[in-house]
Visitor: 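Quick one: the structure is below, and I'll ask about it shortly.
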Amino acid sequence: MSALTAKPKIVVDAKGKPLEVIIPYEQYVEFVEAYGLDLPDDERNSILRAKSAVEKGDYSEFLSAEAVKNEIECTR
C-alpha cells in the first residue's frame, strides 16, 4: 500500500482540532522503513552525517567503488 492509496482516519477533538491520524499497519511499516526509524541510533546518525557530507560535496570519508570491490574480494 502506498501513501497515495491509503485512507487515513483523522481523529479530532470537540473543537475539530486534529489529534491523531490512524493509518493501516502496512503503511506504517513502509514509513518507518523508508525513513530509517527502525535503525539503531548510531546507524541513523551515520546516514545523516553521510547525507550532510554529500550535500557539502565532501566525499573524503567515502570509499571508491574499487576500494569496496577490493574489500569484498579480501573477505572471500
Visitor: Give the minimum heavy-atom separation between D38 and E33, together with the two atoms involved.
Guide: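 Scanning both residues completely, I find the closest heavy atoms to be OD2-CG, 3.7 Å.
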Visitor: Are Y35 and V54 connected into the same hydrophobic cluster when the rule is that any two of I, L, V, M, F, W, Y join if their side-chain heavy atoms are below 4.5 Å apart?
Guide: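 Different hydrophobic clusters.
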Visitor: Report, as yes or no, whether the 6.0 Å neighbourhood of atom CD on E73 holds more than 12 heavy atoms from other residues, nucleotides or ligands.
Guide: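 Correct, the count exceeds 12.
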Visitor: Is any side-chain heavy atom of V11 less than 4.5 Å from a side-chain heavy atom of I22?
Guide: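 In contact.
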Visitor: To the nearest 0.5 Å, what is the distance between CD1 (I10) and NZ (K17)?
Guide: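 Rounded to the nearest 0.5 Å, the CD1-NZ separation comes to 14.0 Å.
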Visitor: Rounded to the nearest 0.5 Å, what separates atom CZ in R49 from atom CD in E61?
Guide: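 Going from CZ on R49 over to CD on E61, the span is 9.5 Å.
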Visitor: Any link between Y25 and I23 through a network of hydrophobic side chains (Ile, Leu, Val, Met, Phe, Trp, Tyr) touching at under 4.5 Å?
Guide: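 Linked within one cluster.
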Visitor: Which distance, rounded to the nearest 0.5 Å, do you find between the OG of S46 and the CG of L39?
Guide: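 Answer for the OG-CG pair, S46 versus L39, is 10.0 Å.
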Visitor: Give a yes or no on whether Y28 atom OH has more than 12 heavy-atom contacts from other residues, nucleotides or ligands under 6.0 Å away.
Guide: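 Not more than 12 within 6.0 Å, no.
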Visitor: When rounded to the nearest 0.5 angstrom, what distance separates CG in L63 from NZ in K69?
Guide: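 These two atoms lie 15.0 Å from each other.
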Visitor: So which heavy atom on A53 is nearest to which on F62, and how close?
Guide: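 Between these two residues, the closest heavy atoms are CB-CE1, 4.2 Å.
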